[in-house]
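Quantities reported herein were computed from a predicted structural model and do not represent experimental measurements.
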Amino acid sequence: QVQLVESGGGLVQPGGSLRLSCVTSGFTNDWHSIGWFRQAPGNEREGVAYITIGEQLTGYASAVKGRFTISRDGSGNTIYLEMNNLKPEDTAVYYCAADPYGNLVGGTLRAAPYDYWGQGTQVTVSS
């Protein structure tokens, strides 16, 4: 049974940094990819970054490129989202999600292929 658990959210001032973690379990191969998504009140859920677990290909939304970095640990079970130079518009609930075959197709920021989702962690950027 696939599970994803996020942690690391919190309150940070503009210009500050946070690192989110996504601990995954239940995968038996490296065919999948992990994506980070976010949703602010009144907004649609948007893809932020993804990483393919086997090939370690990465992709970013234009709004976060150069500020956010997605990575994985050696086992591929924990995925990180390092967020730097945070802005008030980054405020949202952040979710990690798994696309079971993402590593085979190169990864995507679209939500549709992601079958498994974590519970989310709140990130608030405010002075």
Looking at every heavy atom in both Pro100 and Pro113, which two are closest together, and how far apart are they? CD-O, 3.8 Å
Do Val125 and Tyr95 belong together in a cluster built from hydrophobic side chains that touch within less than 4.5 Å? no
Which atom pair, heavy atoms only, marks the closest approach of Asn84 to Ser17? OD1-OG, 2.9 Å
Which atom pair, heavy atoms only, marks the closest approach of Tyr60 to Ile70? OH-N, 2.9 Å
Worked check of side-chain contact (heavy atoms from CB on, under 4.5 Å) between Trp36 and Leu20: CA-CA 10 Å; Trp36 283 97; Leu20 305 183; 3.6 Å; yes
I want to check something: taking the side chain as every heavy atom from C-beta on, are Gln56 and Arg72 in contact at a cut-off of under 4.5 Å? yes
Minimal non-hydrogen separation, Thr108 against Tyr114, with atom names: O-OH, 2.6 Å
Determine, step by step, whether Asn43 and Arg38 satisfy the side-chain contact (heavy atoms from CB on, under 4.5 Å) criterion, reporting the C-alpha distance in whole Å, the side-chain angles of both residues, the deciding distance to 0.1 Å, and the verdict. CA-CA 9 Å; Asn43 290 1; Arg38 66 186 182 186; over 6 Å; no
With sequence neighbours left out, write down each residue that passes salt bridge (charged side-chain N to carboxylate O under 4.0 Å, His left out) with Glu55, or none if nothing qualifies. none
pair Met83-Tyr94: side-chain heavy atoms closer than 4.5 Å: yes
Distance-minimising heavy-atom pair for Ala92 and Ala40: CB-N, 3.8 Å
Is Arg45 positioned over the aromatic face of Phe37, cation under 6.0 angstrom from the ring centre and no more than 45 degrees off axis? no
Glu44, CD atom: more than 12 neighbouring heavy atoms under 6.0 Å: no
dist Ser75:OG -> Asp30:CG (nearest 0.5 Å) comes out at 11.5 Å
Do the side-chain N and O atoms of Tyr80 and Arg19 include a donor-acceptor pair separated by under 3.5 angstrom? no
Do Pro88 and Ser126 have side chains that get closer than 4.5 Å, going by heavy atoms? no
Test item: Asp115 and Asp99 side chains (from C-beta on) under 4.5 Å apart, heavy atoms: no
Have Asn103 and Ser33 got a donor and an acceptor in their side chains that come within less than 3.5 Å? no
Under 3.5 Å donor-acceptor, Thr124 side chain and Leu11 backbone: no
Is any side-chain heavy atom of Asp90 closer than 4.5 Å to one of Arg67? yes
Is there side-chain contact between Ile34 and Tyr50, with heavy atoms separated by less than 4.5 Å? no
Hey, what do you get for CD (Gln3) to CD (Gln1), rounding to the nearest 0.5 Å? 5.0 Å
Same cluster or not: Val93 versus Leu109, using hydrophobic residues (I, L, V, M, F, W, Y) connected whenever any side-chain heavy atoms lie under 4.5 Å apart? yes
Looking at Cys96, is its backbone amide N or carbonyl O close enough to the side chain of Glu6 to form a donor-acceptor pair, meaning the two atoms are under 3.5 Å apart? yes
Might you work through the side-chain contact (heavy atoms from CB on, under 4.5 Å) test for Ile79 and Ile53, ending with a clear yes or no? CA-CA 9 Å; Ile79 289 79; Ile53 297 303; 4.0 Å; yes
Minimum heavy-atom distance Gly76-Thr24, with the two atoms named: O-OG1, 4.1 Å
Stepwise, does the side-chain contact (heavy atoms from CB on, under 4.5 Å) test hold for Trp117 with Leu4? CA-CA 6 Å; Trp117 292 80; Leu4 302 95; 5.9 Å; no
Thr52 side chain vs Gly107 backbone, donor-acceptor pair below 3.5 Å: no
